[in-house]
Every structure is written in structure tokens, then in C-alpha cells.
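Beneath this line is the structure, given in C-alpha cells, with notes to follow.
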Number of protein chains: 4
Amino acid sequence: MEEPTDDKKQNRRLAILDAAADVFADRGYATATCDEIAKRAAVSKGTLYNYFRSKQDLFTQLFLSSVAEDEATIDGVIAQPGTAREKLEAVLGYWFEQFSRYDDLGRLVLEFWSTAAAEEEDGTFTQTLQDMYGRYRQRMTQIFKQGQSSGEFDLVYGPSMAASVVLALFDGIGLHSMMGLSVKMDAKTLATIKRGMLRALGVEPEPLAENTPTGGDTKDADA
Amino acid sequence: MEEPTDDKKQNRRLAILDAAADVFADRGYATATCDEIAKRAAVSKGTLYNYFRSKQDLFTQLFLSSVAEDEATIDGVIAQPGTAREKLEAVLGYWFEQFSRYDDLGRLVLEFWSTAAAEEEDGTFTQTLQDMYGRYRQRMTQIFKQGQSSGEFDLVYGPSMAASVVLALFDGIGLHSMMGLSVKMDAKTLATIKRGMLRALGVEPEPLAENTPTGGDTKDADA
Amino acid sequence: MEEPTDDKKQNRRLAILDAAADVFADRGYATATCDEIAKRAAVSKGTLYNYFRSKQDLFTQLFLSSVAEDEATIDGVIAQPGTAREKLEAVLGYWFEQFSRYDDLGRLVLEFWSTAAAEEEDGTFTQTLQDMYGRYRQRMTQIFKQGQSSGEFDLVYGPSMAASVVLALFDGIGLHSMMGLSVKMDAKTLATIKRGMLRALGVEPEPLAENTPTGGDTKDADA
Amino acid sequence: MEEPTDDKKQNRRLAILDAAADVFADRGYATATCDEIAKRAAVSKGTLYNYFRSKQDLFTQLFLSSVAEDEATIDGVIAQPGTAREKLEAVLGYWFEQFSRYDDLGRLVLEFWSTAAAEEEDGTFTQTLQDMYGRYRQRMTQIFKQGQSSGEFDLVYGPSMAASVVLALFDGIGLHSMMGLSVKMDAKTLATIKRGMLRALGVEPEPLAENTPTGGDTKDADA
DNA sequence: AATGAATGAGTTTTCATTCAT
DNA sequence: TATGAATGAAAACTCATTCAT
């Protein structure tokens, strides 16, 4: 009968990871203190070190679990049956949905990228990100290929390049959205971008809902 | 005859900024030490503080001068006369050219973004970035409008939205390129992306040079 | 059973305060180093900051506890029943007794005064000192009033002014004594001053002990 | 013809001493910076070191010149012919007059005392102060002796002890006055104290001016 | 396992003093 | 002589990590 203990251990671990996500997002890795993480997780500082070898280890575990969680979610989204266009719309929808959470997550993601960029060639972060984006690209590529085969898409690029560009665009939009730069991620703007992307992929999107007249708004939502 | 002194002072200032750029790029703001910056600038630690009020000030000055430099360059690029398409190609060319320098600059830029994200609402970094991107978007918007008037472009979005999306895409590509994620910024890939963007904007790009047969490569450069 | 821990904490705190008193007295606030205080308290520098927020805080706490201790003592002295003259003699006795400790304390007290003088209008130190001296004056005033009512004293000043002057005189004597200036605080001199003060207050003091012939010594102890 | 140069040198020296007096009074010795002194004296930092060997030396010179100036003034006051009482009144008048300047000077004087207290046994400051107060006491003693001989004074103490006590009282009053403790140094209070001191010395002072009725006010100016 | 007090290496910053011009 | 940029030693303070309880 050691499962309760194991469960408890798991819970504690997750509580600490949650707290760490908060604090790292608020303060950034370097400025975050173990004291604060412990306090927000409602454990003692010593306990932190029973679950994680070091601050760095805690950050790495958080990164890995975030990536795993993300990937599981997106896998679920893509795995659904349907036409290429339906799949693509589902992915776009999910991704854009993320942007609304980006106010919370953005800083943390930036920290992950920053850490990756600072690593020696092919460190854990870089490698993990490359692997993850590699898989993302594969999945997107498959969608694009399916769309090409079925005649749904008339791609500007080849499927793989299209996947790369779309992924880069997603991250670019997320970045700008988070910083309040050129794109404000309200629902209408997102819908506009989505429609544009679909048309750029050679797909004529369905008309927008009644409150967004096709002509003016689609042509220039922010003119 | 005080120019020699002033020049010397300017040089010292620039030498310190250069060194700081290196160290901040290598280690990130929080991990970088003033000791190391001083050492790399070949001045004493005290001298650092004769030129900059604090580590934070040094970082901010570096950010501001980077932004100013960037903006001056891009102004020059856009100011050139020509068709909308020529202007757009010039901007694309310049931007993509930056990516090759991104191995050096990328981490630093990430630090800038990170700092902005960590700021209180409307801090210096955020404000400066928003201003800068605001101006970028204006310039891009003008190009798109010119292209629309002249009938060169048949835009998917309105000019302003198009500008926003293109800017976000640029940064997304830069980010992915730097991290070695989905896009490798070699000359051929860049050319491919450029052609695709132009076509997505409704412009039929000129055929590629002889070594890049239209069919296969354009369709899928990385298949 | 948390008292042992609390006691230990209290002891540590007191040990640090003691060490700080030593070092501040030796070197003055500005010249004292936290390193030395830690060393003298036989704790690490970090521990200092577990108990006190800053060097300034440590100094302030030391000041406040000194004042509190002083005041508690003098309260006890004054609270005793007796004639006004007996009370006055008790206060004088206590105060003069302090002077012998002044070799140790004097510098520290000077630091307190100095800090108060350097403060913005109505800082903590100034306010605390003003409060403390306000209470001292009240107590002394009461004694003088009692003496007047009972016919013991024939005051040169009104009771409140008398209290003020006597307090100022005490501090002046303490200051001069500490610096080895005009007054050396040996027992005989103190006795002489005490007798003089009493006479100046209109009280005819009791004759001195046999080894201090009234005539010569009272008239000029240091001629 | 080097006198103009010498004069200039003297002026510079005095300008620096003046500036130093200001800054030391404002900030205290340890917190004062040579930078600020130089700026306030309108000379370069290097020039400071042409006139004074070090910050410590500057402080010491300032102390010595302050003491010399003080002493010259008081010598002049005492040297005037007259009865003992007239001389005493002149000294009291001068001293109390100082108190009104104490807002400016007080902090500086405290710094001097503090430095003296921190010195090794018989350092420059201590020695100088002891010498100065020794001479003060001598002069006061002479006045008291003259007063005794002429029958003007009926001293509580012997002349030398009286001198010591009076000097200590002066400094105590100055200290308290500066800190806004028990005594506020307005003209009326000073007059009251002066009258009281004279009576304590056995001299019946002249009646106060018409606006200060003898009875109430003399008895208790602040009741 | 959990705690949290203790540690001390590491960092930013200041400022008296020097010295080339 | 005057200047003020350069220096670097010194000091306050932080915080990841340890370990006795």
C-alpha cells in the first residue's frame, strides 16, 4: 500500500511545478528565487530539493513537462478524422486559442526559448525544441500533403516548406500578440487572419459570420 | 580642440556597448556580469560606471542604440524610389539578410523581448518596441497601399493587416531560423520563401534563376 | 515545544545586536562593516540578513532597543516612592552611574545623535529621541513640582524649564566626560556636582562624607 | 611678485574649506564625497589634492581652522574690560548666539566630536579639543575668580568646577537645541536660562524687559 | 520526509586617489 | 597648475544549496 504515498509525491511534484511555472513566468528564470517558488507551492525550501536536484533541474523538468503537455494536446487535435481543411482549421483554432492564454504563458515560453538560445550547441532545451518542432512540422506536412492529394489546397510552397512557414508565422503572431505590437489577438482579428491564411493556401474560406461583412473588413480589418 | 577628447569618449562608450552586446548575447542580461563586460571592453569596472549609470542603464542604452541603428537602416531601404514590388523586395531582402547575422544578434534580441515582456505595463522597452513596430507597420502599409493603387498587388488582407502579418512572419522566421527549428536560412530557402510571399500577396514573382527549377523546388524545397 | 527554537533565535538576535553595538561603537556606523559584525557575532554574513533587513535596520533596531532598555531602567528608578529630593538624588545617581559606562557606550550614543541630526525632518531617530526626552522631561518635571509643593525646592526656573536644563546638563556632562574634556567623572567630582546641583535647586544638600572636607572641596574640587 | 599667486592659492584653499564645511555638515564625513566638495568649490577633483593630501586631511584642516576661528572670536569677547558679570554676560551672549547658527553648524560639530571619539587615545582631534576646552575653562575660571574676588559671585562650586559645569551645560544646551529636544532656543527661553544661570552663580540678574513679567515666566517659562 | 536556519560565494556599485594631458 | 577620466579595492546584499533536527 504505497500508492497513496506515490500519489502524494506526484501531487507535491506537480504543485511545485505549477508554482515554478507561475514564478518563472512572473520573474524570469534568473530573477526567480527558490524561496518564492517554495512559498507559492506551500512547501519548505528543503522539500524543493527532495523533488528536484536544483533550480536548473526544476526549470528543465518544467520545460519538458510543458512541451509534453503541449504535444499531447496538439496530437489529439490533429488525430481527429476529417478533410485536410477541417484538420487545418482545427489546428489553427487551437493555436490561436493559445494566444489568448499567452498573457500568462508568453513570458515562460520566452524564457524557454532564451534558455535554449543560450545553451551550448545542442543542449537539452535546443534539442527538445528541435524535436518538438520537427514533429509539429511532420504533422502539418501530412495535412498539407493530404490537402494537395485531395485537391483541397493549391499550395504556394511545397507541403514541408508550407508547414515550416506556417509554424514560424504562428510563433511570430504569438510573440507580437503578447507584446501588443502589430497584432491584437481579438476574436475578429484572429478570424481575419485565419481566413487570409486559408486563402493563401489556395483554399477559399467560408464566408464570415453576419457581423463581419466580407468586403471591407476582410480587406483591411485595421485600416 | 576638444574633439579628440570627445572622440575618445565616444569610442570608449562604443567599445563598452560592443562588449556589453557580446556578453549579454552570450549570457543573457541576468547572468552577465559587469566584471566580464569591463574585461571584454578592456576597461576597469569603475570606468563602466563613468559611462553608464548602472548595469540596467547599459542594457537599456544598448537596446536603444540597436533599435535606432536598425531603424535608420530600414528607413534607408524603404526610402528608395521604385514600384511597390521593388520596395517590398528590398525590404524582404534586407530583413532576410539580417537573419544571417542572427547567430550573433539573436540571443540579444531575445533578451530585449524578454525584458520587454517582464516590464510593468508600458515600460521603456515595451514602449520603444511598440513605437518601432508601429513605424515599421506604417511603412509596410504604405508599400502595400501603393501596390494596391498601382494594381501590382491583389492582397489577401487589407494593407495594414497585411503589414502586421508580414512583420510577425518575419520575426517568426527569424526566431525559428536562429534556433535551427523548422527553417534554415540558406539563400535558396530564403529565395523560396520570398517568392511564396509575393505570390501570396497576389504578385506573380519572376522565375527563379536557372539552378532552381520552378516545379520541384518551389513546390517543396525541403521535402 | 517551540520555545527552544524561539529562545535560540532570540539569543542569536541578541548576539548580533551585541556584536553590532561593539562594532558601531568602535568604528561608527558608516565605517563599520557587516563582515566585521558577522565575524564578531560568530555568524555568517548571510545570517545577519536573516535577522535584520539591512545594515541600517540593524542599526535602527540597536538604537530602539538601547532606548527601550534605558527608559525601562529610568522608569524603575523614578517610580520608587520618596520625597522629591530622594527621587532626584536617585535619578542623579543613576545618570552619573551611566557615565562610567560611557567609555563603552559613548561613541555609540554619539552615532545615534549623529544619525538623528542627519535625518530628514522627523525621521525615526529624531522622533524617537524627541519622544524619549519628552517623557524624561515629564518625569523630571513631576519631581520638581512635587519638590515645590512640599517646599523642598526653591527653584531658579519653573519646573519644566528646570527639567530641560537639568537634562541638557546631564548630556553635556556625559559628552565632556567621555571626551576627557573639562570634567573627569570620578566619584568625588560627581558627588561635588551633585551637591552643587542640589544647592542650585534651592536644596541644601547633606554634608559630604568625612573624607571630603566641605570647605575647600565643595568650593573648588579641581583648583 | 608672487603674492597674487599666494593670495589666489589662499582663496582657493578657503573656497575648498568652505565647500567642505557645507558638504560635511550636510552629509557627514563618511557619506560626503570628494566629488561633491570639488563641485561645490567649483574646482576639479584633482585640484582638491593639490591643496589637501586626502579627504581625511581636508577634514582635519577644516576642524583645525574652525577651532582656531572659534577661539579667536571668544578670545575677543573675553578680552574686553569690565566687571566679571559683564564678561560673563558677554560670553553667555556669544555662546547662546551660536545656538541660532547651530542648525547649520551642529551637524559639523557633531562630526568633529564623533571623529574625536573614534580616535585612538590622544589623536589629533581629541588633543585639539582637549586643548581648546582647557583654554576655555581657564578663561572662564579667571572670570569666576574675578567675580569671587570682587564679591560679585557667590559660587555654588569652586571657580574651576563652575567653569567646567558651565561649559558642559553650554554644549548640552546646544546639543538639545539642535535636535529639538527639551529646549527650544528662542530669544525668550535663552533670556530665561541666562537669568537662571546668573542666579545659580549667586548673582541677582537685572529684571527682564517689560514684556516678560518676572513672576510667572521666570518661574516657569514653559509650564 | 519535511523543515528552515545557516552558509558564503558571487554581484553590483561607490569613491578616494592617481596621473597623463 | 588644473583637469577629469581611469582605477580597483572594498562593501552591502542575495540566494542556491546544505544539513541538523
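Chain identifiers are assigned alphabetically (A, B, ...) following the order of the sequence lines, protein sequences preceding nucleic acid strands; residue numbering begins at 1 within each chain. Note that the structure is a prediction, hence the values are computed from the model and not measured.
- Atom CD1 of B:I16 and atom P of F:dA5 are 12 Å apart (whole Å).
- By the side-chain contact (heavy atoms from CB on, under 4.5 Å) test, C:T60 pairs with C:Q56, C:L64, C:T124, C:F125, sequence neighbours left out.
- The 5' end of DNA chain F is approached more closely, in terms of each residue's nearest nucleotide, by C:K55 than by the other of C:K55 and A:S54.
- In terms of phosphate contacts, D:R12 brings no side-chain nitrogen or oxygen within less than 4.0 Å of OP1 or OP2 of F:dT1.
- Listed by first and then second residue, the salt bridge (Lys or Arg N to Asp or Glu O under 4.0 Å) pairs involving residues 110-129 of chain C are C:R107-C:E111 (not counting sequence neighbours).
- Ring centers of B:F112 and B:F59: under 6.0 Å apart, within the cut-off.
- Take D:K45 and apply the salt bridge (charged side-chain N to carboxylate O under 4.0 Å, His left out) test, not counting sequence neighbours, and it matches D:D35.
- With sequence neighbours excluded, no residue satisfies side-chain hydrogen bond (donor to acceptor under 3.5 Å, both in side chains) with A:N50.
- Base-pairing analysis of DNA chain F finds the following stems of at least three consecutive Watson-Crick or G-U pairs, with both pairing distances under 3.5 Å: E:2-21 with F:2-21.
- The distance from atom CZ of D:R13 to atom C1' of F:dT1 is 17 Å, rounded to the nearest whole Å.
- As a whole-Å value, the separation of C:L58 CG from F:dA11 C1' is 15 Å.
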Name every donor-acceptor pair, under 3.5 Å, that has one atom in a side chain of residues 12-21 of chain B and the other anywhere in the protein, sequence neighbours excluded.
none

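- Residues passing the side-chain hydrogen bond (donor to acceptor under 3.5 Å, both in side chains) test with A:S44, sequence neighbours excluded: A:T47.
- Of the residues in residues 40-52 of chain D, D:K45, D:Y49 come within less than 4.0 Å of DNA chain E through at least one heavy atom, sorted by number.
- Judged by distance alone, with hydrogens and angles left aside, the side-chain atoms of A:T31 form no donor-acceptor pair with the main-chain N or O of A:G28 at under 3.5 Å.
- Residues meeting the salt bridge (charged side-chain N to carboxylate O under 4.0 Å, His left out) test with D:D70, sequence neighbours left out: none.
- Residues that satisfy the ring-ring contact (aromatic ring centres under 6.0 Å, His included) test with C:Y49, not counting sequence neighbours, are absent from this structure.
- With sequence neighbours excluded, the residues forming a side-chain contact (heavy atoms from CB on, under 4.5 Å) with C:A32 are C:V23, C:F24, C:R27, listed by chain and number.
- In this structure, C:R53 atom CZ and F:dC15 atom P are separated by 16 Å, rounded to whole Å.
- A heavy atom lying under 4.0 Å from DNA chain F marks the following residues of residues 26-39 of chain C, by number: C:A32, C:T33, C:C34.
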